[in-house]
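For reference, the structure discussed in these notes is given below.
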There are 2 protein chains.
Amino acid sequence: MAQAHGPSRSAPATLSDVARLAGVSIATASKALNGRDQVRAETRQRVIEAAARLSFRPNQVARGLLAGRTGTVGLLTSDLEGRFSIPILMGAEDAFGAGEVAVFLCDARGDTIREQHHVRALLGRRVDGLIVVGSRTDPRRSLGRELPVPVVYAYAPSEDPEDLSIVPDNVGAGRMAVDHLLACGRTRIAHITGDPGYAAARDRAEGARAALADAGLSLAGEPRFGAWSEGWGRAATALLLDRHPDVDAVLCGSDQIARGALDVLRERGHRVPEDVAVMGFDNWQVLTSACRPPLTSVDMNLEEVGRAAARALFTAIAGDHGRGVETLPCRVVVRGSTAPLS
Amino acid sequence: MAQAHGPSRSAPATLSDVARLAGVSIATASKALNGRDQVRAETRQRVIEAAARLSFRPNQVARGLLAGRTGTVGLLTSDLEGRFSIPILMGAEDAFGAGEVAVFLCDARGDTIREQHHVRALLGRRVDGLIVVGSRTDPRRSLGRELPVPVVYAYAPSEDPEDLSIVPDNVGAGRMAVDHLLACGRTRIAHITGDPGYAAARDRAEGARAALADAGLSLAGEPRFGAWSEGWGRAATALLLDRHPDVDAVLCGSDQIARGALDVLRERGHRVPEDVAVMGFDNWQVLTSACRPPLTSVDMNLEEVGRAAARALFTAIAGDHGRGVETLPCRVVVRGSTAPLS
DNA sequence: AACGTCACAGAAAACCTTTTCGGTCAGCTT
DNA sequence: AAGCTGACCGAAAAGGTTTTCTGTGACGTT
């Protein structure tokens with residue numbers, strides 16, 4: 001199966017090939033192709049044709065060496081598997097791709113050693129900047145202030161306030177969720193959420209509480225912290241219904257938890273959304289659309305987080321450094337699991 | 001918030017800085033650091049210390065320009081959002097990272113124009129090779145034979161048999177699934193699967209049929225093609241139970257379909273796995289562990305597909321080209337939804 | 001003392017592009 | 001005819017590293 005011929009592997013054409021074919025010097029060829037003046041229109045045309053014939057593509061490596069900027073950035077994720085990195089990565093890739101910047105992808109797999117290794121490798125390649133994507137919104141160790149290139153932290157903020165971090169506004173997300181439920185006329189709202197070790201869980205709960213307080217209300221019972229799983233969603237909902245049979249809304253800390261809640265509600269004969277409204281967080285398409293009824297959820301706008309991080313890195317590379325933690329708003333996506341009380 | 005000072009942005013040390021500090025010429029410094037001979041041990045030591053003091057990292061850009069190989073590859077996905085690309089990407093990143101190769105990530109978003117654009121950009125950066133990751137196992141258009149670097153197709157094979165493609169063995173996966181159900185003593189096996197426009201659906205069905213034929217059996221009814229959704233899983237299972245109330249196993253074309261099937265079975269009072277065994281494909285953790293009972297599923301070994309693609313690209317870059325479609329075996333992951341008939 | 005050998009260090013070329021600066025030539029003015 | 005202007009083109013340097021080739025001493029041999 002293996003063999004050694006393969007397709008044509010001729011070395012790509014260089015500028016001097018183009019120049020030779022067009023009968024001009026290298027310098028003239030460069031000027032002609034880059035739209036600089038000092039070149040007669042007719043000469044320029046000859047060069048352009050020669051370049052086309054050889055399918056010449058300027059060597060970005062050489063250009064990078066000369067310019068001191070390579071037009072590349074490193075994107076360092078700590079956990080590709082987790083589903084939060086992907087939309088951020090897509091947003092960043094999108095924003096950079098438009099700006100002719102190429103992205104090196106590195107996955108540290110949650111290992112600090114590997115992360116250090118990747119940082120060194122990326123610096124060796126003279127990236128113009130770095131984006132560090134975390135897997136949780138809890139603050140993470142800074143890469144340090146002594147790096148030769150700007151760094152932007154996305155999703156997981158840096159512990160160092162001198163660094164620039166872009167994160168979704170989880171507190172605001174909790175507020176928005178409760179505001180939506182209040183707008184639906186719900187007043188007995190319970191909150192079932194995930195692992196209290198996660199800032200996301202605490203922040204969302206805090207936002208929910210604050211929004212209720214603003215309305216002169218409070219949660220039905222304490223927030224129920226547990227795990228980010230359907231199993232916990234089911235268990236906690238069962239308990240909730242025993243203790244507070246009159247709830248008219250369950251705000252769940254994730255779509256998975258919400259899915260579990262929906263299943264138990266349905267099994268126990270509660271109608272959603274007529275009797276009880278249910279909401280989740282993350283707006284994870286596969287889950288929200290598989291739920292019965294489809295799940296209203298708060299979208300964390302992660303793709304926008306990625307785009308914003310990319311833009312921030314752009315301006316930092318241009319010399320204009322930001323600092324501190326910048327939060328981005330989320331948005332409620334309404335589906336069948338919430339509706340006004342009739 | 002924005003401002004212009006920021007951390008130290010001194011240009012990284014160059015080899016000539018090191019040489020000057022060590023009091024030797026650039027050439028000697030290079031030889032000392034790269035372990036070549038022609039350098040006295042004492043001199044070498046001085047150079048190494050100087051390099052450490054300046055935290056010198058050789059400029060891979062310059063090295064790449066000289067060597068003609070950049071130590072970079074392009075990873076071109078057609079659909080990052082879809083969950084199949086990610087494990088492949090992780091496997092490839094893993095295999096390359098160990099080999100000191102850096103990966104450019106590009107997402108074409110299913111758009112041919114954008115794909116072409118990315119290919120050109122990557123070639124301009126003089127990548128040593130390309131991996132093209134598809135979102136479906138259906139054959140896709142080749143990038144062409146005239147590219148100056150080797151290309152390996154992963155997941156979605158190239159239409160051109162001269163190209164090298166690495167794909168999971170969906171036919172084999174169908175066989176393995178049925179073999180497992182047969183080993184559990186099941187004989188009345190139904191198959192509910194997804195969109196018949198997908199080769200994955202057809203291949204798995206074909207494998208299932210072949211394995212049953214080998215055992216002198218056939219499917220309970222025709223394979224039920226539909227959509228890759230829980231909704232279809234529910235609907236098809238309801239129909240199936242009406243038509244064939246005596247099935248003792250349902251092989252589902254995806255974990256989502258299987259989840260729908262499980263829900264309907266439970267709602268109708270069938271015990272899983274005692275009365276009916278249920279299996280899915282893809283081994284999508286979030287789903288398999290959220291199911292009641294946890295779902296037995298066929299893992300497509302996508303990470304291994306990514307690793308194999310990376311290895312194949314490695315050897316292709318070394319000049320040893322493969323061709324044709326190479327299939328990789330899958331594996332059954334047994335959980336609570338299948339068990340021997342008692 | 002002349003020569004050869006050996007160990008080591010440095011100069012320079014190569015990789016490819018961009019940019020600066022100097023040079024050539026036609027055409028024009030005085 | 002001499003000088004000037006302006007348009008155009010090419011030589012060369014720069015960017016950082018690796019490698020080849022050419023020294024340059026020290027030392028040992030004849």
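The figures here come from the full heavy-atom set of this structure, side chains too, leaving out hydrogens, waters and symmetry mates. So you know, we letter chains A, B, ... as the sequences are listed, proteins then strands, and number each from 1.
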TODO: Would you please confirm or rule out a distance under 4.0 Å between OP1 or OP2 of D:dC9 and any side-chain N or O of A:T43?
DONE: yes

Open item on the list: On the nucleotide D:dC9, are OP1 or OP2 found under 4.0 Å from the side-chain N or O atoms that A:T28 carries?
Closed with: no

Closest heavy-atom pair and its distance - [X], [Y]:
{"X": "A:L80", "Y": "A:I86", "value": "O-CD1, 3.6 Å"}
{"X": "A:V47", "Y": "A:V18", "value": "O-CG1, 3.8 Å"}
{"X": "B:I166", "Y": "B:A308", "value": "CG2-CB, 4.1 Å"}
{"X": "B:G322", "Y": "B:L164", "value": "O-CB, 3.8 Å"}

State which residues pass salt bridge (Lys or Arg N to Asp or Glu O under 4.0 Å) with [X]; sequence neighbours excluded, sorted by chain then number.
{"X": "B:R46", "value": "B:E42"}
{"X": "A:R63", "value": "none"}
{"X": "B:R125", "value": "none"}
{"X": "B:R20", "value": "B:D17"}

TODO: For the residue pair A:V325 and A:V167, establish whether any side-chain heavy-atom pair is separated by less than 4.5 Å.
DONE: yes

- [ ] Begin with the C-alpha distance, continue with both residues' side-chain angles, and end with the deciding distance and a verdict on side chain to side chain donor-acceptor pair (under 3.5 Å) for A:T315 and A:D320.
- [x] CA-CA 5 Å; A:T315 68; A:D320 196 3; 5.5 Å; no

Open item on the list: What's the angle between the local helix axes at either end of the helix from C:dA1-D:dT30 to C:dT30-D:dA1, using five pairs per end and rounding to 10 degrees?
Closed with: 90°

Table please: side-chain donor-acceptor pairs of residues 92-104 of chain A below 3.5 Å, with sequence neighbours left out.
{"unit_1": "A:E93", "atom_1": "OE2", "unit_2": "B:D107", "atom_2": "N", "d": "3.0"}
{"unit_1": "A:D94", "atom_1": "OD2", "unit_2": "A:R307", "atom_2": "NH1", "d": "3.3"}

- [ ] Look at all strands and tell whether A:V24 reaches a base, only sugar-phosphate, or nothing, counting heavy atoms closer than 4.0 Å.
- [x] sugar-phosphate

Open item on the list: Test: ring-ring contact (aromatic ring centres under 6.0 Å, His included). Region: residues 47-93 of chain A. Which pairs qualify, not counting sequence neighbours?
Closed with: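 ring-ring contact (aromatic ring centres under 6.0 Å, His included) check on residues 47-93 of chain A returns A:F84-A:Y155.
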
Task: Residues touching DNA chain C, which here means a heavy atom under 4.0 Å, drawn from residues 45-53 of chain A - done: none

Open item on the list: Treating primed atoms plus P, OP1 and OP2 as sugar-phosphate and everything else as base, which nucleotides of nucleotides 20-28 of chain D get B, S or - for protein heavy atoms under 4.0 Å?
Closed with: ---------

- [ ] Using the test side chain to side chain donor-acceptor pair (under 3.5 Å), find all partners of A:T112 that sit at least two apart in sequence or belong to another chain.
- [x]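 Result, side chain to side chain donor-acceptor pair (under 3.5 Å) vs A:T112: none returned.
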
Task: Atom-pair distance (CG on B:L33; C1' on D:dT18), nearest Å - done: 12 Å

Task: Along DNA chain C, first and last positions that approach a heavy atom of chain B under 4.0 Å - done: C:dC8 to C:dC16

Sort me out a list of protein N/O and nucleotides 15-17 of chain D N/O pairs below 3.5 Å, or just none if empty.
{"unit_1": "D:dG16", "atom_1": "N2", "unit_2": "B:A62", "atom_2": "O", "d": "3.4"}
{"unit_1": "D:dT17", "atom_1": "OP1", "unit_2": "B:N59", "atom_2": "N", "d": "3.2"}
{"unit_1": "D:dT17", "atom_1": "OP2", "unit_2": "B:L15", "atom_2": "N", "d": "2.3"}

